[in-house]
Every structure is written in structure tokens, then in C-alpha cells.
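Scroll down for the structure; my scribbles are underneath it.
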There are 2 protein chains.
Amino acid sequence: MPHHRSAFFISDRTGITAESLGHTLLTQFDSLDFQRETVPFVDTVEKAQTLAERISAVAERDHLRPLVFTSIVNPEVREALRLSNVILIDFFETFIGHLELELGQKASLTVGKAHGMINEEKYDHRIEAVNFSLNHDDGVKLKDLDEADVILIGVSRSGKTPTCLYLALQYGIRAANYPLTPEDLDSPTLPKILLPFKDKMFGLTIDPNRLHHIRSERRPDSKYASMDNCRREVNEAESMFRHHGVPFISTTHKSIEEIASTIMHKAALGRKF
Amino acid sequence: MPHHRSAFFISDRTGITAESLGHTLLTQFDSLDFQRETVPFVDTVEKAQTLAERISAVAERDHLRPLVFTSIVNPEVREALRLSNVILIDFFETFIGHLELELGQKASLTVGKAHGMINEEKYDHRIEAVNFSLNHDDGVKLKDLDEADVILIGVSRSGKTPTCLYLALQYGIRAANYPLTPEDLDSPTLPKILLPFKDKMFGLTIDPNRLHHIRSERRPDSKYASMDNCRREVNEAESMFRHHGVPFISTTHKSIEEIASTIMHKAALGRKF
């Protein structure tokens, strides 16, 4: 008998919603071992039947009822997954009836709007935000900074680039970033070029130990990666943030999602698409 | 009386899960006008009480009960949001009891694991995937292509860059991309440099009209953007894909999420973090 329990996240579109809530629920049972599989684009009764057979076989093999999380909109497709030997968690059906009653309106049962392309204009805005963030990565391009929604500053390897890309992709935010170099840090004042944009700045800081570790992977035994240098750079960057009243957060124990949503929240930025 | 109904997505962490499922449900009622607000990091009873007062005021103002979607783990924090004048949709509570019974185990009630940093090693892998994708964007760097999980090819502006970044950020996939230039397209065979990696290729194509529109925004009235040229490039790229049996999809009516999850599915790639 296997030690794991199988868990399926099934969707008629990308699977992002079913996976997101499913993972959230499963993390509450972290002593158990789950074998996870996401199955997107289950949008016909036929596909659902084929999948149902496969899941039934897994149930027999495991001698443990698999968990089946679904967010499928079409009732007939959903019905084909209503197996006797699984634990079914149906995100759509559970809530939609309640909402229909409360809102006094039937669900339109249209598939795929949540992560689909809503309209081309909004979509273009999002792509432009990605391009803006790419072009303004690592202080490469300093003009057009007035078009930025936010400018992240911090020492090298404090997490600026992935955060900017996430902000652009997930929220349509034009996020530039500027790396504070050792020269910039010699003085506690912001680099002159950035002064006009003080109100858009957001600082990232990081625990010097973690920074030392990250930089050592990149350039072992360098001055750049040395513990002393990391400690000094982080101290000076934080002094600079405080000197100018630039809000800042530590990225040390945070995922990209957490850093990005904290910035959205603290800088009072709104989703742009 | 306002025409909109207020909808709150409330979370003790990033708000991504509550927002994701909440949006999915609301798109089913698309003739209604919702005023949406995401409130992340509601992780104390005090914060929940302050928020509850604000939501109550909104309910009075709107003369319509607000929708409150929550995924809060802590029962006391959740309790503070149990208002009489809202429609409460509690993603966590609704399912967690059922799961506890089925799995024969109590939920650990730990907050913030779903989008938190699970462990540093996995996190570093994700950041490396982002760096890899940045370094291998637009055919900039052709060595190390053997380390890529997937290589996207397609004509200029077919959607390669945002898709690669999304694959890296969301799934930890090392996604390189290579733009097919007019010179590459003169022959129906893949550029020589790419031949050894044929099995990792995935093609992106796009409707010539949409491509013409996108390119015209960038370089109006250029040969690059002309309808004739767009049609020719797309035809030649698709011939190349067919010639080599490279799988490909059209990005025309797809969001980045849909393109990325389709590639994950069709190329049988698994999440890497």
C-alpha cells in the first residue's frame, strides 16, 4: 500500500484557480504525502470520462480515495467526474448556487473568463507593462522613469528583478528597478537621477547572511559576496531608505508573491488590467 | 442607490487564492457591476475588526450587501468578519471540515504556506529559472540551450517573451526563446543552431491581422508591420513547424496564463518548484 494519497486539480481552462485553492487546503495537512497532478482543459464530456477512468484506476491502485478538486463550469462535464471512489471538492458547484440566490441571477456558465483574454486593450496594457519592466531592469534605462508605477531600489541580488516581472505580469504594473551600487551607497542620499521620483520608490532589503549565501553562489570568494561587504551594503541601503522616508521591506523569508502583494498593498497600487 | 455591488477578497496572506476563486465565480455574473477590492495580510483579530467596520459602512452606503470572499485560516480572525449585512463566502471553512473528516486529521491551521517560501532551495531554483529565461530571451544567448526545459520559437511579437517569463515565475521552468527572423524563414528548415534541440521546441503562431496590429503600434507604416509581410512570415513559420513536427499553438485569443498552461500540458512539463 503506497504512503501517498493522489490529488487531482481539474479545470476546464488553465487549472490555476483549482490548483491555487487546492494547494492552500492541502498545506493544512502537511504531515500527509500527496501526489499532485493538475489536469487543465477538461472541457468536454469525453475528456472528463477518459480522465474519470484514469482516476478510478489510481483509486484502485492506491487503496485510498484520491482527492479531486474541480472548478469546472459545465454541469455535464462535472457530472462525468462524480465518481464513487473519490473525495470530490467542487469549488464551482459549492458556491455558485448560493451566489445565484443571493444575486438573483443565473450563472452564465461561460467557461474560461477568469484567466482568459478579457479584451485586447487590457491585454496590450499588460504586455506593455512586461516590456517596460524588462527595459527598465537593473537601471538599464533611466529615461521614461516618470512612466513607472513604482521603482524598486536595493542592493544587487535583493530580489528586484523577479519582483518587477511578477508585478508586471500579475498586476500590469510598470515596475522599474535600480540597483544601488557601492558608489551610490557611499553617501546616504539617493542617487541624483532618482530624486525626482522619490514618491514612487520602494526599497528592498535582505538579511546579510542570506545575501552572502546568494552572492557566493554567483561569485564565490569575491569581495562582492563577502560577509563584511554584504553587511555594509545592506546597512547603508537601509540608512538611505530611512534618510529619505522611502518605504522598504525585507525579502529574506518572503516568496515573490508575498513581496509583490506587500508592495501593492503598502504602495496602494491597484491592478492595472 | 449605486449600480454596483462591492466585493472584497480577504486573506491572511497574499490574497491570491481568494482573488483567484472569487474572480472565477464573479465572471459568471457578468451583467452585474462589481466594485472589487483585495485586502491581503489580515492576520490579526484587530485588523479584521477594523476591516469589518469599513465593510459595514460600505454596506450601509451601497444599500446592497457586499460580497466577502475569504480564505482566512485562523478561526478567531475569521469570526471577526462574520458580519450580518454581508454575503460571506468562506473558502477555507467550507472545505476544511470536510477534508479533516475524510483525511482523518486536523488542519494544522498554519498561515501562509500556499504562496509562501517553502524552502530556500526550491526558491533559488525558481529565481534561477527567471534568470535563465531573461538571459535566453530573444535568442540573445545561444549557449547553454541544453539546460533549457523548453525553447519557444516564433516570429517577432508572437508572445514568446511574456510566456517565457510566466513559465519561469509560475512553474520554475527554464524557458528560452528564439525569434525567427525573415532570414531564418527563407528556408523551411530550422536554423542550424537549433537543430540539436528539436525535441524541446515549441512554436508560437498568431493571426496575421493581430500581428499587423501589434507591430503597427511599434513601427507604424514599416515593412516589418505591413499586412503582406505579417502574412508571409506567419505562413513560413507554420510551414517550418510542420516540416519538423514541432508542436505549436496560436496565441491570438489566449492570455499568457492560457498559453503557458497549454505548453505545460502539451509538452508534458511538470512544475519545478
Exercise for the section: Determine the minimum heavy-atom distance between A:P162 and A:G159, stating which atoms define it. Expected result: CD-O, 3.8 Å
Practice task
Grab the two heavy atoms, one from A:R219 and one from A:A225, that are nearest each other, plus how far apart they are.
Solution key: O-CB, 3.5 Å
By a 4.5 Å heavy-atom criterion (distance strictly below it), what part of [X] contacts chain B: side chain, backbone, both, or neither?
X: A:I259; result: side chain
X: A:I127; result: side chain
X: A:F41; result: side chain

Practice task
Name the orientation class of the two ring planes belonging to A:H23 and A:F9 (parallel below 30°, tilted from 30 to 60°, perpendicular beyond 60°).
Solution key: tilted
Most heavy-atom pairs under 4.5 angstrom with chain B, which of [options]?
options: A:R65, A:H98, A:M264; answer: A:R65
options: A:V39, A:D137, A:V130, A:I96; answer: A:I96
options: A:E19, A:H213, A:Q170; answer: A:E19
options: A:L165, A:T262, A:I89, A:I256; answer: A:I256

Exercise for the section: Give me the one residue out of A:T38, A:D90, A:L88, A:L26 that meets side chain to side chain contact (heavy atoms under 4.5 Å, CB included) with A:F69. Expected result: A:L26
Exercise for the section: Give a yes or no on this: more than 12 heavy atoms of other residues, nucleotides or ligands lie within 6.0 Å of atom NZ of A:K266. Expected result: no
Could you look at [X] and say if it's the side chain, the backbone, both or neither that has a heavy atom under 4.5 Å from chain A?
X: B:I87; value: side chain
X: B:L169; value: side chain
X: B:E37; value: neither
X: B:R218; value: neither
X: B:S71; value: neither

Handout entry: No-hydrogen, no-angle side-chain donor-acceptor test under 3.5 Å, A:S20 and B:S20
Key = no
Problem - Pair A:T14-B:E257, side-chain donor/acceptor within less than 3.5 Å - result: no
Fill in the blank from the handout: Assert top hit (heavy-atom pairs under 4.5 Å, partner chain A, pool B:R271, B:R126, B:K106, B:R5) equals B:R126
Handout entry: Top of B:E100, B:E217, B:R36 for chain A proximity - count of heavy-atom pairs under 4.5 angstrom
Key = B:E100
Handout entry: Cationic N near anionic O, under 4.0 Å, B:D124 to A:R210
Key = yes
Exercise for the section: Give a yes or no on whether the ring-centroid distance for B:F95 and A:F91 is below 6.0 angstrom. Expected result: yes
